[in-house]
Trainee: 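After the structure tokens below, expect a handful of questions from me.
Positions are given from 1, in the same order as the sequence printed here. Atoms within each ligand, like the ligands themselves, are counted from 1 in listed order. Everything numeric in this text was worked out from a predicted model, so none of it was measured.
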Amino acid sequence: MDKPLKLYFIPYLAAGHMIPLCDIAALFASRGHFVTIITTPLNAKILPKYNNFNVHTFQFPSQEVGLPEGVENLSAVTDLDGAYKIYQAMALLREHIENFVEQHPPDCIVADFLLPWVDELANKLSIPRLAFNGFSLFTICAMESLRSHPLPEDASGPFVIPNFPQDIVINSTPPAESKTFMDPLFTIALKSNGFIINSFVEFDGEEYVKYYEKTIGHKAWHLGPASLVRETIQEKAERGEKSTLSVQKFVDWLNKKRDNSVIYISFGTMCHFPDKQLFEIASAIEASGYDFIWVVPEKKGKENESEDDKEKWLPKGFEERDNGMIVKGWSPQMVILGHPAVGAFLTHCGWNSTVEAVSAGVPMITWPVLGDQFYNEKLITQVRGIGVEVGVDEWVVTSFRGMKQLVGRDCIEKAIRRLMDGGDEAIQIRERSQKLAKITKHVVQEGGSSYENLTVLINELKQLRDCKVLN
Ligand code: UDP
């Protein structure tokens, strides 16, 4: 092999951004390139243990921003003030990171689009920069369509994505604040040498790749599902936070269940539901009668709750019924989704969760909350037909600001039954999910679309490096 590339990856300080970007970093490293992840000490700890890249850390400025020791990312804070402090900390780290990169310049920087200043840094060093935001290309296209064809200012409720390859109706209009926040980030990301997408062309669809390249005039590199770089149960389990219960406990419990009989319920790392909402979810699970694994990070550290407190979010006797596992913290999601007993995933449609469900062939019950999730829902249900909707239409600005509407137990139970009770629709959804999962196995192997995209990207980056040397 000719001279390997030297790449720096700068993830944002949030589990849902770090995990996939580090998996993508591992893909580059698996081809023999020198990869360094730049982060802070505690975030370095949640990176997968088995890795083939270097990690360079900068002390997190806890005191300067007023966060307690031990809180270094968005997933560890529980309110808007905490989230703001993480943003502030990242801004304070900028100078340190810039100095390091300038003193030891790489051949390319791959950075989260929430760090727009990397654009200036890459220009200064005349090196290519790739942007990452953890969205699907379908979602990026939808957001760009709305930027160039804005909805009327007083628009509310469902809307059709303007000037789009397909007629897609989104359940709810994005809040104005999301647009104000995202638009400038997209403007800068589009100046990069391309977006890295943690998905595969067959899932987003060729039509969206063409649409993006022709209409937006920017390059998108589908390199995923990056999580497939983690092959063994151990590798899959040791990704992200430490699991609240041992991985073996989950596997042993699931081993006793029939194929496709368990519902896995998780809303990712950033959703914080009020007790009343948790009660509705619990009531729906109970009414459905299905076995379940339910991840409730809101209850982390509350193992010894009083009966009175417990009854605020769990119907009486819920835990005694013994047909499920409640996880108050972190679950080994990839291991759970990969078990044949899991028959459905009630999800907030976070992009990582979506791609992980697709890779495992698990159909989804969709309940988007914010951001890209409302678009992802449509790719899952309307475009690919691998899930059913709960029917949520409240789009919140941040998951810390309480939701106004309660999603009732009846519509949750109805969506669960649509998938789990069998019937023609459910059979077809399951078949499509399994077909797509088969494709994922192929795309990351030699000859597969994502594998070959990575080869082309690496060659382009080498050319850019070698031209620079000649100049
Ligand atoms: N995750 C996990 N266990 C948990 C919660 C989350 O392994 O208990 C992982 C999940 O597999 C995914 C990521 O954390 O890789 C969450 O990313 P996603 O985009 O789905 O949601 P976000 O947290 O960013 O909203």
Trainee: Would you call E72 and K85 a salt bridge, taking side-chain N to carboxylate O under 4.0 Å as the test?
Mentor: no
Trainee: Between E394 and K404, does at least one N-O distance fall below 4.0 Å, as a salt bridge requires?
Mentor: no
Trainee: Tell me every residue that passes ring pair (Phe, Tyr, Trp, His ring centres under 6.0 Å) with H56, counting only those two or more places apart in sequence or in another chain.
Mentor: F58, F100
Trainee: Do S227 and E356 have side-chain atoms, one donor and one acceptor, less than 3.5 Å apart?
Mentor: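 No, E356 and S227 have no side-chain donor paired with an acceptor closer than 3.5 Å.
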Trainee: Output yes when E305 and K302 qualify as a salt bridge under the 4.0 Å nitrogen-oxygen rule, no when they do not.
Mentor: no
Trainee: With a distance cut-off below 6.0 Å to the six-membered ring centre and an angular limit of 45° from the axis, does R31 pair with Y451 as a cation-pi contact?
Mentor: yes
Trainee: Report each N/O pair between ligand 1 and the protein that falls under 3.5 Å, naming both atoms.
Mentor:
unit_1: ligand 1; atom_1: 3 (N); unit_2: S331; atom_2: O; d: 2.6
unit_1: ligand 1; atom_1: 7 (O); unit_2: S331; atom_2: O; d: 3.3
unit_1: ligand 1; atom_1: 8 (O); unit_2: S331; atom_2: N; d: 2.8
unit_1: ligand 1; atom_1: 8 (O); unit_2: S331; atom_2: OG; d: 3.4
unit_1: ligand 1; atom_1: 11 (O); unit_2: Q333; atom_2: NE2; d: 3.3
unit_1: ligand 1; atom_1: 11 (O); unit_2: E356; atom_2: OE1; d: 2.5
unit_1: ligand 1; atom_1: 11 (O); unit_2: E356; atom_2: OE2; d: 3.4
unit_1: ligand 1; atom_1: 15 (O); unit_2: E356; atom_2: OE2; d: 2.6
unit_1: ligand 1; atom_1: 17 (O); unit_2: N352; atom_2: ND2; d: 3.1
unit_1: ligand 1; atom_1: 19 (O); unit_2: W351; atom_2: N; d: 3.4
unit_1: ligand 1; atom_1: 19 (O); unit_2: N352; atom_2: N; d: 3.1
unit_1: ligand 1; atom_1: 19 (O); unit_2: N352; atom_2: ND2; d: 2.8
unit_1: ligand 1; atom_1: 20 (O); unit_2: S353; atom_2: N; d: 2.9
unit_1: ligand 1; atom_1: 20 (O); unit_2: S353; atom_2: OG; d: 2.5
unit_1: ligand 1; atom_1: 21 (O); unit_2: H348; atom_2: NE2; d: 3.0
unit_1: ligand 1; atom_1: 23 (O); unit_2: T269; atom_2: N; d: 2.7
unit_1: ligand 1; atom_1: 23 (O); unit_2: T269; atom_2: OG1; d: 2.4
unit_1: ligand 1; atom_1: 25 (O); unit_2: H348; atom_2: NE2; d: 2.9

